[in-house]
Amino acid sequence: AARHWLRAGRRSVEQSANAEAIAHLEAGLRALADAEPCAERAQLELLLQTELGMPSIAVHGYAAPKTWQCWERARSLAHSLNEREHLARASYGLWAANASKGQMRDALAMAESVLDVARQLADTGMQVVGQRVRGLTRLLMGDLPAADADLAAMLAAYDPAAHRDLGFRFGQNPRVAAHAVQGLLRCLQGRDAEALACRTASFAEAAELRHANSMAYAYAYGGCIPALVRGDVPEVERVSALLIEVSTRHGMALWHAYGQLGRGWLLAQAAKDASQAAEGAAVMAAALDACAA
């Protein structure tokens, strides 16, 4: 029964049906609850926990307690079973959780763990993922040159034929994410034309893949946040609307909060009096609370 729930969960993940995927995978874990402890049971629980991590990111958030518990359990099982690929996936999940909480040294350690496993297994896909997350971590730590080098190396190593499915294994497609983060980096450097080119590349790739979480990531990191940094009212209006639409359609609470942040900022920018400004501030405050949740 648990094996069939696992198959059903994977199919739902591929359709961006995240709530259904979580329901199937949690049913699989419940089906295992009464099974005798053995290597086969542990292996199947590892597969279920690892698969559960990605839709949990989309629905609950990177550092939500349910998501964190899932990755911690997967990492413990992967260590005990010496399953290095699953160890890398769990390390990726804990990287995302730590980065979201602002625990950047712990996040950097998890990114390096992904790259260590990639080197041990000579796995180019995992290397691409590791370079992408280390690049974002370095950006968030303020080391823009090192971040730029990581993202450039990742984009050079990305193979569309071999790496296309990485978005299903690691939450979002690495090339979509790298172009989006490069766009933010270029924006912070004041290179707006290059930032817009990165945004365009990220949006186009996400649309071609038809992967909801990759699309929302592109809208948030490649579109909405750089537009907020630039103070670009029309762009914030356009992209925050796209972000709210896709996150509502696929039940992605974190990305919906990002879209609402843009919407609140727009209300404040357009305010004609103090009460209208207060309305925009209230929407932004609610969005920040939703991000924290």
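Sequence positions, counted from 1, serve as the residue numbers for this chain. Keep in mind that what you see is a predicted model, and the values were worked out from it rather than measured.
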Query raised in the report: Val176 and Val246: same hydrophobic cluster, using ILVMFWY side-chain contacts below 4.5 Å?
Result: no
Side chains of residues 12-22: which donor-acceptor partners sit under 3.5 Å, not counting sequence neighbours?
{"from": "Ser12", "atom 1": "OG", "to": "Ala8", "atom 2": "O", "distance (Å)": "3.2"}
{"from": "Ser16", "atom 1": "OG", "to": "Ala212", "atom 2": "N", "distance (Å)": "3.2"}

Query raised in the report: Quick one: do Arg263 and Glu237 make a salt bridge, cutoff under 4.0 Å?
Result: no
Query raised in the report: Say you draw a straight line from CG of Leu188 to CG of Leu139; how long is it, rounded to the nearest 0.5 Å?
Result: 6.5 Å
Query raised in the report: Taking C-beta and beyond as the side chain, do Arg119 and Gln127 meet within less than 4.5 Å on heavy atoms?
Result: no
Report task. Please list all pairs passing the ring pair (Phe, Tyr, Trp, His ring centres under 6.0 Å) test where one or both residues lie in residues 75-123, with sequence neighbours left out. Result -> Tyr92-Trp95, Tyr92-Phe170
Listed pairs under 3.5 Å, donor-acceptor, residues 146-157 side chains, sequence neighbours left out:
{"from": "Asp148", "atom 1": "OD1", "to": "Arg186", "atom 2": "NH2", "distance (Å)": "3.1"}
{"from": "Asp148", "atom 1": "OD2", "to": "Arg186", "atom 2": "NH1", "distance (Å)": "3.1"}
{"from": "Asp148", "atom 1": "OD2", "to": "Arg186", "atom 2": "NH2", "distance (Å)": "3.4"}
{"from": "Asp150", "atom 1": "OD1", "to": "Arg134", "atom 2": "NE", "distance (Å)": "3.3"}
{"from": "Asp150", "atom 1": "OD1", "to": "Arg134", "atom 2": "NH2", "distance (Å)": "2.9"}
{"from": "Asp150", "atom 1": "OD2", "to": "Arg134", "atom 2": "NE", "distance (Å)": "3.0"}
{"from": "Asp150", "atom 1": "OD2", "to": "Arg138", "atom 2": "NH1", "distance (Å)": "2.8"}

Requested in this report: Identify whether Val133 and Leu115 are in the same connected component of the hydrophobic contact network (ILVMFWY, side-chain heavy atoms under 4.5 Å).
Outcome: no
Query raised in the report: Taking the side chain as C-beta and beyond, is there a heavy-atom pair between Glu51 and Leu48 under 4.5 Å?
Result: no
Query raised in the report: How long is the span from the CG atom in Leu144 to the CG atom in Leu185, to the nearest 0.5 Å?
Result: 4.5 Å
Report task. For residues 26-42, pull every pair meeting side chain to side chain donor-acceptor pair (under 3.5 Å), keeping only residues two or more places apart or in separate chains. Result -> Arg3-Glu40
Report summary line: Rounding to 0.5 Å, atoms CD1 (Ile244) and CH2 (Trp255) come to a distance of 14.0 Å
Query raised in the report: How is the hydrophobic cluster of Trp265 composed, in terms of its other members, when Ile, Leu, Val, Met, Phe, Trp and Tyr link through side-chain heavy atoms under 4.5 Å apart, directly or indirectly?
Result: Leu228, Val233, Val236, Leu261, Leu266, Met284, Leu288
**Report entry** Test item: Glu205 and His179 side chains (from C-beta on) under 4.5 Å apart, heavy atoms
**Finding:** no
Query raised in the report: Which is it for Glu208 and Arg164 under the side chain to side chain contact (heavy atoms under 4.5 Å, CB included) test, yes or no, and what are the steps along the way?
Result: CA-CA 11 Å; Glu208 193 271 326; Arg164 181 185 174 90; 3.3 Å; yes
Query raised in the report: Taking all atoms of both residues into account, what is the closest heavy-atom pair of Ala218 and Ala206, and its distance?
Result: CB-CB, 4.3 Å
Requested in this report: Taking the side chain as every heavy atom from C-beta outward, state whether His163 and Pro174 have any pair of such atoms under 4.5 Å apart.
Outcome: no
Query - side-chain contact (heavy atoms from CB on, under 4.5 Å) partners of Gln103, counting only residues at least two apart - result: Trp68, Asn98, Lys101, Asp106
Query - Residues clustered with Leu81, ILVMFWY side-chain links under 4.5 angstrom - result: Leu46, Leu77
Report task. Verify, without hydrogens or angle tests, whether Ser202 (side chain) and Cys198 (backbone) share a donor-acceptor contact under 3.5 angstrom. Result -> no
Query raised in the report: What pairs meet the side chain to side chain donor-acceptor pair (under 3.5 Å) rule with one or both residues in residues 215-225, with sequence neighbours excluded?
Result: Arg132-Tyr217
Query - Inter- and intrachain pairs under ring pair (Phe, Tyr, Trp, His ring centres under 6.0 Å), touching residues 11-41, at least two apart - result: Trp5-His24
Query raised in the report: Would a distance-only check, ignoring hydrogens and angles, find a side-chain to backbone donor-acceptor pair under 3.5 Å from Gln276 to Lys272?
Result: yes
**Report entry** ILVMFWY network linking Leu209 to Val181, side-chain heavy atoms under 4.5 angstrom
**Finding:** no
**Report entry** Considering all heavy atoms, the nearest Ala220-Tyr258 contact
**Finding:** CB-CD2, 3.8 Å
Query raised in the report: If you look at every heavy atom in Ala88 and Val114, which pair is closest and at what distance?
Result: O-CG2, 3.6 Å
Query - Contact list for residues 278-293, test side chain to side chain donor-acceptor pair (under 3.5 Å), sequence neighbours left out - result: none
Query raised in the report: Do the side chains of Leu94 and Met126 join up, straight or via other hydrophobic residues, at under 4.5 Å, putting them in one cluster?
Result: yes
Report summary line: SG (Cys291) and CD (Gln260) are apart, to the nearest 0.5 Å, by 10.0 Å
Report task. Find out whether Pro226 and Arg199 are in side-chain contact, i.e. whether some heavy atom of one side chain is under 4.5 Å from a heavy atom of the other. Result -> no
Requested in this report: Check the surroundings of atom CZ in Arg191: do more than 12 heavy atoms from other residues, nucleotides or ligands lie under 6.0 Å from it?
Outcome: yes
Query raised in the report: Could you state the interatomic distance from CG (Leu136) to CD (Gln182), rounded to the nearest 0.5 Å?
Result: 12.0 Å
Query raised in the report: Would a 4.5 Å heavy-atom cut-off, applied to side chains only, mark Glu235 and Cys224 as touching?
Result: no
Can I get a per-line list of side-chain donor-acceptor pairs under 3.5 Å for residues 53-64, giving both atom names and the distance, sequence neighbours left out?
{"from": "Ser56", "atom 1": "OG", "to": "Leu52", "atom 2": "O", "distance (Å)": "2.8"}
{"from": "Tyr62", "atom 1": "OH", "to": "Gln172", "atom 2": "OE1", "distance (Å)": "3.3"}

Query raised in the report: Does any donor atom in the side chain of Glu194 or Gln189 lie under 3.5 Å from an acceptor atom in the other side chain?
Result: no
Report task. Calculate, to the nearest 0.5 Å, the distance between atoms OG1 and CD belonging to Thr67 and Glu72 respectively. Result -> 12.0 Å
Requested in this report: Check which hydrophobic residues are tied to Val283 through side-chain heavy-atom contacts below 4.5 Å, counting indirect links as well, and list them.
Outcome: Leu267
Report task. Would you indicate whether Arg249, at its atom CZ, is surrounded by more than 12 heavy atoms from other residues, nucleotides or ligands within a distance under 6.0 Å? Result -> yes
Query raised in the report: Is there a side-chain contact between Thr50 and Glu45, using heavy atoms and a 4.5 Å cut-off?
Result: no
Query raised in the report: So, do Pro65 and Gln69 sit near enough that their side-chain heavy atoms are less than 4.5 Å apart?
Result: yes
Query raised in the report: Step by step, would you call Thr124 with Asp159 a side chain to side chain contact (heavy atoms under 4.5 Å, CB included)?
Result: CA-CA 9 Å; Thr124 59; Asp159 179 345; over 6 Å; no
Query raised in the report: So if you build clusters from Ile, Leu, Val, Met, Phe, Trp, Tyr with side-chain heavy-atom gaps below 4.5 Å, do Leu184 and Leu196 land together?
Result: no
